[in-house]
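A, B, ... follow the sequence lines: proteins, then strands. Residue 1 opens every chain.
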Amino acid sequence: MSTVKIVEAPEGIGGQGFFATSLDSVVGLARKNSIWPLPFATSCCGIEFMSTMSSHYDLARFGSERLSFTPRQADLLMVMGTIAKKMGPVLRQVYEQMAEPKWVIAVGACASSGGIFDTYSVLQGIDRIIPVDVYVPGCPPRPEQIIEGVMRIQDLIGKESLRRRNSEDYKKLLEEYMVK
Amino acid sequence: MEPISLETIQQHIDSHLSNGIQISQDAFGVFNCELDIKHLYQFVHFLYKDEVLAINFLTDLCGVHYPDQKNKEIGVVYHLQSMKHQLRLRVKVFVSENKPEVPSLTGIYGSANWMERETYDFYGVQFLGHPNLKRILNMDEMLAFPMRKEFPLEDPNREDKIDYQFGR
Amino acid sequence: MKTNLEFLAAIKSPDKPEIPYNTLNLGPTHPATHGIFQNVLTMDGERIVHGEQTVGYIHRAFEKIAERRPFYQITPLTDRLNYCSAPINNTGWFLTVEKLLGVQVPKRVDYMRVMVMELARIADHIICNSILGVDTGALTGFTYVYQWREFIYEIYEEICGARLTTNMGRIGGFERDFNAIVFEKTKKFLKEFPPVWREFENLLSRNRIFMDRTIDTGGLTMERALNYGFTGPNLRACGLDYDLRTAEPYCSYEDFKFEIPVGTTGDTYDRFVVRNEEIWQSLSLVEQAMNKIQALEAGVFHADCDKYYLPPKQEVYKNMEALIYHFKIIMGEIDAPVGEVYSAVEGANGELGFYLVSDGGRTPYRLHFRRPCFIYYQAFPEMVRGQLLSDAIVVMSSLNVIAGELDA
């Protein structure tokens, strides 16, 4: 007997040989179960991410089998670790290179808020330069927490309207962050 | 590995150099000496070449800021080591804040290169003769020297963390 | 086949402008590198002529923070230096403070420390060597042996409750005694890990592809290595048997029997083999330490220094004196003696030193970390000169450069 679980179909009307539902939910379903994360690992949290990816915790179970090390083909930017001010422009450029739709997780206290490093050289949270969807607390967070963060992102992706990325609100958000 | 006593080192140095360098030993067994800037390069070079003492490894190099010492505000501390005798020698030089110029040891130790750049980055010590003296850890645009005591730890220009969720 | 040196001789000299070099920017977030360093490489085809590094992309101002923190609050900072082997850093910091304060710790504490430090060394070497496999194209080894790092994490969790950034121990000892589960899990680890590691070694160490990729790449002579301030496994791979654990024994390492593995040429393969052998030595050290701990009377896990050692929590609730000490230590109101201390431990990638200047106040006047990565990473351009770009990646990962430690 196979132990592979298949995701449940979205709400809709079905009968013999047909199934009708909204395009949003189908695309959302497909997107959320095949996230390609880009690990932007700078320090300690990156090691915990390695734990998350490797066999013990296995993030691949959530559809993130393939790590995308290039921003061009990634859906999810996972920022793990301290981002210094020197690194800030690099992070923004990586974000700009990603194709829409794109999501961001700030993993760990440093990426979320600067953490214990309230110093002249550390950026006090990556939300100063790029919009963030999910914050994962912890210094460093346990792999379970990182997986929880990815699952919250999956919820967001599944519910997102197809028109959101073209909406005025979204354009305004990017303008606020001065993202090209 | 044979241990070596303070008297032996002092005698050996006196017999080769005539600058009157005084070595002392602290409670933890580390040898100390404070030098005049002009003797630094010659002294370290002598130790590097000398086969009896064989103090030929630069363990560490860092700066210290003493704002209260007049004209000796900035100290540069070298930790030298002899793997043959397993002894450590701490060499200190002091320079004024207005003219912090210290000869570079990059000609003797390859490892001094980045450590001197770090000290320049943090304290503004000018290492004369360094091949590439520029900032290493901080951004090039930075003007101040952050490890000096008067420099604040937090970024003075930062808005206070707006996010009330972080309880600040 | 031409050797590297012949290629080097064939590289066009800069005074022949008709043959242009290419400039390649590797980093700070290059897919193939781990850790954030920028290398601007001057390339002749696929061979590296010259490299220049930029570091400091996660400079967090540890030393500045340390000047504002009481001694206890510096321990979490040391965790985040070399986060692959945090207990070694913690212990190094406690040894420094103990040296300054003149605290003598019991033998049992020493052995407990040796046990966690050697576990940490194994954990660090597992990462370094398995990642070296990944960089040469063998991902399998990594996913296989990483499991055993999780096992070491579990032992840490029993000791201190944390996985990665452990903050393990106190000035003068540990916060609690090792419980029975620690020994049980360590025994299980000692029994089950060696066959796994043997298998991993078999996968790579006589593997023709791996040997071709690593032998004769990134070599450095012993003289150059010493000049560049190499310590730890990278120096031992060059052939010098210098190890702080024997040269300047701390934590009663003189009571243990172990060997210092050395290489000959200092190339990537030697570094790999030296680290492998160190894992075997560390396994034996863990076993010896565990036997020594169990032979001694249980319940001794800290030195008798109530001025610096945090009292147990149940005492704090009941006993006024304990409450006062707890308050004073936590608020950092205990003044340290005036003095200057340099103390070093053999970290997983070299001599991790702490230079502490105390002016008698509640915080260090100056604390400098001698970070091994920072010092030896500057040799990287010389090590990869004349070599292929793909080999440069392998050399970088075999050096075990940790960005958090490098940038402090």
**Fill in**
So, the part of A:L123 with a heavy atom under 4.5 Å from chain C: the answer is neither

**Item:** chain A contact via C:Q38 - which portion, at a heavy-atom distance below 4.5 Å
**Value:** neither

**Message:** Quick check on A:C110 against chain C: is it the side chain, the backbone, both or neither that has a heavy atom closer than 4.5 Å?
**Reply:** neither

**Message:** Tell me every residue that passes ring-ring contact (aromatic ring centres under 6.0 Å, His included) with C:F94, counting only those two or more places apart in sequence or in another chain.
**Reply:** none

**Message:** Out of C:Y153, C:F62, C:Y83, return the one with the most heavy atom pairs under 4.5 angstrom to chain A.
**Reply:** C:Y83

**Message:** Parallel, tilted or perpendicular, judged at 30° and 60°: which one describes the rings of C:W148 and C:F151?
**Reply:** parallel

**Request:** Spell out the residues in residues 57-74 of chain A that have some non-hydrogen atom less than 4.5 Å away from a non-hydrogen atom of chain C, in order of number; otherwise answer 'none'.
**Result:** A:Y57, A:F69

**Message:** Run C:T78 and C:N90 through side-chain hydrogen bond (donor to acceptor under 3.5 Å, both in side chains) and show every step you take.
**Reply:** CA-CA 6 Å; C:T78 60; C:N90 297 153; 3.2 Å; yes

**Prompt:** Is chain C contacted by the side chain of A:M53, its backbone, both, or neither, given a heavy-atom distance below 4.5 Å?
**Reply:** neither

**Prompt:** Among A:S121, A:S54, A:S55, which residue forms the greatest number of heavy-atom pairs with chain C at distances under 4.5 Å?
**Reply:** A:S121

**Request:** Kindly indicate, with the supporting measurements, whether the criterion side-chain hydrogen bond (donor to acceptor under 3.5 Å, both in side chains) is fulfilled by C:N39 and C:E52.
**Result:** CA-CA 6 Å; C:N39 289 286; C:E52 195 177 337; over 6 Å; no

For residues 65-73 of chain C, dump all side-chain donor-acceptor pairs below 3.5 Å to protein atoms at least two apart in sequence or in another chain.
residue : atom : partner : partner atom : Å
C:E67   : OE1  : B:K149  : NZ           : 3.1
C:Y72   : OH   : C:I171  : N            : 3.4
C:Y72   : OH   : C:Y308  : O            : 3.0

**Request:** Please assess C:E118 against C:I88 for the test side-chain contact (heavy atoms from CB on, under 4.5 Å), listing each intermediate value before the final yes or no.
**Result:** CA-CA 8 Å; C:E118 294 306 322; C:I88 300 184; over 6 Å; no

**Message:** Taking the cut-offs as 6.0 angstrom to the six-membered ring centre and 45 degrees off its axis, would you call C:R60 and A:F117 a cation-pi pair?
**Reply:** yes

**Prompt:** Which one of C:R163, C:H59, C:K64, C:H30 has the most heavy-atom pairs closer than 4.5 Å to chain A?
**Reply:** C:R163

**Asked** Does any heavy atom of chain A fall under 4.5 Å from the side chain of C:L81, the backbone, both, or neither of them?
**Response** neither

**Interchain contact, A:T82 with chain C, by part (heavy-atom threshold 4.5 Å)** = both

**Asked** Is the centre of the C:Y144 ring less than 6.0 Å from the centre of the C:F200 ring?
**Response** no

Pairs of donor and acceptor atoms involving the side chains of residues 398-408 of chain C, under 3.5 Å and at least two apart or interchain, shall be tabulated with distances.
residue : atom : partner : partner atom : Å
C:S398  : OG   : C:R271  : NE           : 3.0
C:S398  : OG   : C:R271  : NH2          : 3.3
C:S398  : OG   : C:V395  : O            : 2.9
C:N400  : ND2  : C:D124  : OD1          : 2.8
C:E405  : OE2  : C:C373  : N            : 3.4
C:D407  : OD1  : C:G56   : N            : 3.0
C:D407  : OD2  : C:G56   : N            : 3.4
C:D407  : OD2  : C:Y57   : N            : 3.2
C:D407  : OD2  : C:I58   : N            : 3.0

**Asked** Has the side chain of A:E48 got a donor or acceptor atom that lies under 3.5 Å from a matching backbone atom of A:R142?
**Response** no

**Request:** From the options A:K159, A:R165, A:R163, select the one residue that forms a side-chain contact (heavy atoms from CB on, under 4.5 Å) with A:S161.
**Result:** A:R163

**Prompt:** Measuring heavy-atom distances to chain A, does C:S130 have an atom under 4.5 Å in its side chain, in its backbone, in both, or in neither?
**Reply:** neither

